[in-house]
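Heads up: the structure comes next, in structure tokens.
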Amino acid sequence: SSHFGSSVQEPRRLHKGSDPSLFAMSPSLAQALLADASDGKGDCKENRCPLREFALPEVFKTHPGGQEHLKTAEKSDCPGLLFLAYHIGLDMDGAIGNAVKARGLKIPEAGTFYDEVDAIVRKLKEEHKGQRYIFHAWCLVITSLLLPSFVWLMVSPGLPPCLLVSLLFELYFLNIFHTRHHKGGNIYDSAFLNSALNPVYHFIDSTWGYYPPAWKWNHHVRHHMHTNEDGTDPDLPATYPLIRMFQEQERLWFHKFQTLYWPLLLPFSVARYPISNYFEHGGPLVFFVLWLVLMFILPAVLHGVEGPIWCMVVLGLTGANVTYKFAVSHAHADLARSPEHEVKKGIKELTGDDFMRDQIEESIDWGGYWSTLIFGGINLQIEHHVAPALDPPLLALLAPEFRKLCDRHKVRYTAEPTFFHAVLKFHLRLWMSG
């Protein structure tokens with residue numbers, strides 16, 4: 001969280017005793033908690049404030065979106081933009097807006113483009129309510145298969161259990177890990193399922209994945225709010241100097257070969273998380289020790305050198321598959337900026353519409369509904385960056401309408417029909433940048 005240093009502007013906070021604003025609240029929860037705030041739906045347009053003046057609550061223990069989103073926004077340089085991103089599709093001029101107004105608070109100004117996207121998202125959510133249950137079922141299938149598959153790998157290491165565990169880890173990280181943390185831990189919209197499974201997910205996340213407190217800051221703020229900004233976004237821009245993606249980065253002699261050696265770097269992308277969690281992000285030692293025991297010590301005791309080797313294959317395959325899908329969704333030959341490209345505004349100068357356009361033009365889409373459902377929406381990064389807390393299947397339904405909207409507003413919308421088309425354009429980007 002010290003990455004921004006003195007550049008982070010402390011957001012305004014309310015004095016003690018003030019009623020809190022609403023952050024990442026679903027319409028149903030807003031209605032239930034704040035039914036007394038308003039009688040019916042009213043016009044809250046006049047209750048907007050400039051993005052820079054957006055106020056965060058000092059205390060909000062009953063916040064339906066959980067406390068982590070509030071903590072992340074408090075530390076960030078863009079609490080207003082985070083509010084808009086995580087409330088899109090949640091009827092801010094109705095239940096949420098009226099509740100905010102009744103407590104003397106203001107919600108941040110957005111813009112006409114944002115409002116059009118918000119209306120499309122709300123309409124799709126209302127018309128396709130069953131999609132959330134399809135996604136919930138898919139997450140439960142992944143959860144139910146992961147443990148017995150891992151036990152199979154421990155008992156009888158070999159290629160079949162190795163491939164299955166790698167696939168399930170990939171599906172877990174792309175669906176459950178990613179979506180759960182974007183939704184503040186409320187992946188199932190069910191108190192029973194969330195309370196029963198969140199401890200299991202926390203164990204998996206902290207042992208094999210990216211330590212959640214560090215991921216939330218690096219992903220929600222540094223990646224989603226500063227997408228593809230060299231020196232801030234910890235994802236693709238941070239691969240420099242090994243990989244050169246942007247014209248602002250100095251070209252080194254070996255970059256001419258980067259499109260060839262890129263795949264060789266991928267197996268280490270997931271394997272490094274447990275090490276970084278402890279030594280870089282201050283994660284608990286117990287999870288690092290558990291990772292060493294489960295992936296190296298126990299397999300070696302049970303099966304000799306063969307056991308750890310198969311576990312390393314699992315880590316390598318998982319890293320290659322997850323990272324490739326993420327990378328091709330954020331780098332494309334048509335997205336490469338020329339040296340003459342106008343420098344983007346600083347985040348504190350952005351309007352809601354500026355921010356949304358930047359998010360759209362810095363990501364790409366590939367594939368359709370089934371790719372979206374299976375891989376947790378990693379393939380539809382345009383829609384995901386606009387509505388990060390939306391259940392993945394809805395992203396696929398949003399994409400056609402969203403593309404029409406972008407065409408009307410002359411906003412660049414980059415899409416490929418399949419993952420393989422996206423891979424080709426990704427490697428063309430590597431070639432052009434090298």
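Only a predicted model underlies this, so the values are computations on that prediction, with no experimental measurement involved. For the single chain, residues carry numbers from 1 onward in sequence order.
In this structure, His427 and Tyr324 have tilted ring planes: the angle between them lies in the 30° to 60° band. Note: Phe177 and Phe173 have perpendicular aromatic rings, judged against thresholds of 30 and 60 degrees for the angle between ring planes. Between Trp253 and Phe257, the angle of the ring planes goes over 60°, which puts this pair in the perpendicular group of the 30/60° scheme. Aromatic ring pairs are classed by plane angle as parallel below 30°, tilted from 30° to 60° and perpendicular above 60°; the pair Phe375 and Trp366 is tilted. Using bins of under 30°, 30° to 60° and over 60° for the plane-to-plane angle, the ring pair His178/His219 lands in the perpendicular bin. Ring pair Phe402/Tyr413 is perpendicular by interplanar angle, where above 60° counts as perpendicular and below 30° as parallel.
Around the OH atom of Tyr133, the shell of radius 6.0 Å holds no more than 12 heavy atoms that belong to other residues, nucleotides or ligands.
Screening Tyr273, Tyr201, Phe150 against Trp208 for a ring pair (Phe, Tyr, Trp, His ring centres under 6.0 Å) leaves a single residue, Phe150. Of the candidates Cys139, Pro392, Pro388, Pro392 is the only one forming a side chain to side chain contact (heavy atoms under 4.5 Å, CB included) with Thr179. For the pairing with Glu383, the side chain to side chain contact (heavy atoms under 4.5 Å, CB included) check across Ile360, Leu395, Leu397 returns one residue only, Leu395.
Between the side chain of His255 and the main chain of Leu252, a donor-acceptor pair closer than 3.5 Å is present. Of the possible donor and acceptor atoms, one in the side chain of Asn277 sits under 3.5 Å from a partner among the backbone N and O of Gly209.
Between the side chains of Gln359 and His385, at least one donor-acceptor pair of N or O atoms lies under 3.5 Å.
A cation-pi geometry, defined here as NZ or CZ lying under 6.0 Å from the six-membered ring centre and within 45° of its normal, holds between Arg429 and Phe246.
What you find for Gln249 and Tyr240 is that their closest heavy atoms are NE2-CB, 3.4 Å. Among all heavy-atom pairs drawn from Leu164 and Ser149, the shortest one is CD2-OG, 3.3 Å.
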> Taking it one step at a time, do Trp217 and His181 satisfy ring-ring contact (aromatic ring centres under 6.0 Å, His included)?
Replying inline: CA-CA 11 Å; Trp217 174 254; His181 292 303; over 10 Å; no
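Taking the six-membered ring for Trp and the full ring otherwise, Tyr211 and Tyr278 have centroids separated by 6.0 Å or more.
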